[in-house]
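Here the structure comes first, spelled out in structure tokens, and everything after it is commentary.
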Amino acid sequence: SGSGGGCGGDSGAGDGSNEDGEGAWENWLEVADGSNIPSEPEYRSTSAFARIKAELDNLRGMRLFQGPGRRNSSHQQRDLEPPSSPSSSPSSSSSLSSAAPGAQLLGATGPSARRRAAQLLSSFAGFFKDAGRDTAPLTRDGWLAALDSDGRVCSPERVTQAVFRGGVSPELRREVWPFLFRIYPWDSTAAERVAIRAKLTTRYTAMRDAWKTAPDDPHRQLRSVVRKDVTRTDRLHPYFRGHDEAHPHLELLDNALVTFGVQNPVIAYAQGMSDLLSPLLVTLDDEVHAYWAFHHVMETQQVFFHHDQKGMGLQILLLSHLLQQTDPRLHNHLLKVGADSLIFVYRWLLVNFKREVSFDDNLLVTEMLQVVPVELTRGELGNNPFVLFMALAALASLSHRIVDWDLEHEEIILLINEKAGKFDVPRLLRDAKEMFWRYTREEEETVPLPALPTDF
């Protein structure tokens with residue numbers, strides 16, 4: 001990206017800056033040094049969790065809920081490894097897709113929870129200022145004003161606040177998304193990004209070519225499973241449109257998914273992954289960038305694609321817990337009709353509402369999920385809890401029909417399926433932000449977090 005030569009005052013990246021001129025990012029780093037966000041609580045067995053797992057297991061046979069592709073049992077588990085970038089010093093390297101600065105808060109020791117919450121709320125106040133008001137997306141002028149003369153993003157907090165509140169202008173996404181998806185560090189110069197790009201290209205090409213040229217085609221089954229989904233992914237979108245299964249853009253999608261599966265055999269491939277990669281490839285229009293962006297997304301989403309369904313079971317139970325607090329009337333109705341396992345929201349959570357909204361609206365959702373200040377949840381709701389509040393907002397929009405019409409379980413499923421692609425996304429996001437903000441302001445929860453089994 002070009003150098004803006006800005007950063008000499010107001011970045012122009014939205015109006016999310018703090019009134020005292022302090023950047024939330026700097027405050028965030030200060031808090032990270034001496035605060036403590038508790039890790040996952042210890043869980044005890046609950047019948048609700050077991051019921052959710054049972055329903056998930058029943059659904060695994062259905063294509064929509066299919067678990068990850070079978071892997072060779074000889075493969076050993078390999079964790080997702082973040083791409084690494086050259087630092088300014090030739091003799092050192094640093095992680096490109098390392099977690100956001102606040103991630104170091106997890107497991108640390110420090111002040112009381114109430115003091116931590118107050119500090120974090122102060123730091124992130126800009127994210128929620130006027131959350132209920134429609135705001136303009138980050139524009140080129142705002143973006144250039146956030147860059148210094150060497151191309152560094154010297155006001156990342158203002159950029160992320162602007163993105164969380166209004167998204168990114170479509171013509172700017174290809175330039176901004178590599179930062180949002182941790183391909184490039186915020187403080188990298190334009191020259192350093194050239195070197196980073198070259199290194200990532202070399203690394204990805206080597207991984208891709210290794211399986212393409214492997215003798216005896218050891219990844220035949222993985223390639224077959226991926227190909228079946230790729231040929232049906234977003235085929236009505238102009239980027240993939242056409243009857244030819246050898247469409248060049250489908251080949252890029254196929255390459256990235258198989259490469260990921262080969263490099264991460266424990267996850268391999270499961271239905272839904274192509275939905276997560278497709279908007280990245282369309283927006284970035286670059287196989288290398290799309291792969292590493294997808295790699296970053298999977299660092300958060302991978303838990304939902306494991307065949308044991310533990311991650312999804314936990315996510316759904318947490319959603320049930322939140323629903324009990326925010327809409328007890330709907331929660332009680334779902335209990336009455338045997339729909340309290342919330343299995344009908346599985347697809348929402350698995351692919352971040354990808355199939356529930358239009359393709360263009362999904363791009364807005366995708367970029368907002370990359371900048372949401374997850375630290376505000378004190379580690380209670382997973383790596384990226386904002387999608388839970390999107391689900392709460394979606395259920396709230398349907399609540400009166402479900403309850404007042406006294407819908408049965410099957411009728412609720414039909415209603416939700418009919419809403420696919422028809423959600424009012426600006427309202428959905430606005431309501432989700434307001435719910436998220438109210439949750440983070442709670443000093444004491446009226447309902448304790450659910451107790452979950454340790455062996456689930």
Side-chain angles (χ1 to χ4, degrees), residues 1-4 6-7 9-18 23-25 100 124-147 151-184 186 237-239 276 278-286 289-290 293 296-297 352-354 356-374 384 386-387 389-390 393 421 423-434 436-437:
S1 61
S3 299
C7 306
D10 187 359
S11 72
D15 57 352
S17 59
N18 296 337
W25 198 266
F124 286 107
F127 274 92
F128 296 97
K129 181 181 178 184
D130 300 325
R133 186 187 70 188
D134 291 331
T135 57
L138 175 68
T139 63
R140 180 160 296 279
D141 287 343
W143 173 245
L144 292 177
L147 302 176
R152 297 183 185 88
V153 181
C154 55
S155 299
E157 79 286 346
R158 293 182 179 179
V159 171
T160 53
Q161 287 176 16
V163 172
F164 184 62
R165 295 171 59 199
V168 181
S169 296
E171 71 279 3
L172 194 59
R173 282 177 171 140
R174 190 176 180 186
E175 191 171 340
V176 175
W177 275 27
F179 293 89
L180 301 185
F181 290 89
R182 306 300 195 271
I183 297 171
Y184 297 140
W186 294 105
H237 191 279
Y239 195 81
L276 295 175
S278 170
L280 304 177
L281 182 59
V282 170
T283 300
L284 297 169
D285 193 26
D286 182 288
H289 274 173
H296 174 69
V297 169
N352 296 330
F353 279 79
K354 165 68 161 50
E356 316 313 314
V357 301
S358 70
F359 193 93
D360 288 342
D361 283 337
N362 174 252
L363 300 181
L364 176 61
V365 172
T366 297
E367 60 201 9
M368 282 188 172
L369 288 175
Q370 301 311 307
V371 299
V372 61
V374 297
N384 202 335
F386 187 65
V387 70
F389 291 86
M390 288 181 60
F423 278 106
D424 181 344
V425 173
R427 177 185 173 184
L428 182 69
L429 291 172
R430 187 165 59 246
D431 292 348
K433 290 175 188 177
E434 291 175 351
F436 190 49
W437 178 236

Any Thr366 side-chain heavy atom under 4.5 Å of Trp177 side chain: yes
Value rounded to 0.5 Å, distance of OG in Ser155 from CH2 in Trp186: 10.5 Å
Heavy-atom closest pair, residues Met368 and Phe164: CE-O, 3.2 Å
Heavy-atom closest pair, residues Pro178 and Leu284: CD-CD2, 3.9 Å
Heavy-atom donor-acceptor pair, Ser169 side chain to Leu138 backbone, under 3.5 Å: yes
Under 3.5 Å donor-acceptor, Arg182 side chain and Leu180 backbone: yes
Minimal non-hydrogen separation, Leu363 against Pro279, with atom names: CD2-CB, 3.6 Å
Partner set under side chain to side chain contact (heavy atoms under 4.5 Å, CB included) for Arg140, not counting sequence neighbours: Leu144, Leu172, Glu175
Sequence neighbours excluded, every pair satisfying salt bridge (charged side-chain N to carboxylate O under 4.0 Å, His left out) that has a member inside residues 356-371: Arg173-Glu367, Arg347-Glu356
CA sep, side-chain torsions, deciding dist, call: Val372, Phe436, side-chain contact (heavy atoms from CB on, under 4.5 Å): CA-CA 10 Å; Val372 61; Phe436 190 49; 3.6 Å; yes
Note, Leu429 side chain near Phe386 side chain (heavy atom, < 4.5 Å): yes
Flag side-chain contact, heavy atom, 4.5 Å: Phe179 against Val159: no
Derivation of the side-chain contact (heavy atoms from CB on, under 4.5 Å) call for Lys354 and Leu276: CA-CA 8 Å; Lys354 165 68 161 50; Leu276 295 175; 5.7 Å; no
Side-chain heavy atoms of Phe389 within contact of Asp431, under 4.5 Å: no
Side chain to side chain, Phe359 and Val282, heavy atoms closer than 4.5 Å: yes
Side-chain touch Phe353/Asn362, heavy atoms, less than 4.5 angstrom: no
Rounded distance (nearest 0.5 Å) linking atom NZ of Lys433 with atom CE of Met390: 10.5 Å
Side-chain heavy-atom pair Tyr184, His289 within 4.5 angstrom cut-off: yes
Under 3.5 Å donor-acceptor, Thr160 side chain and Glu157 backbone: yes
Side-chain (Arg174) to main-chain (Thr283) donor-acceptor, under 3.5 angstrom: no
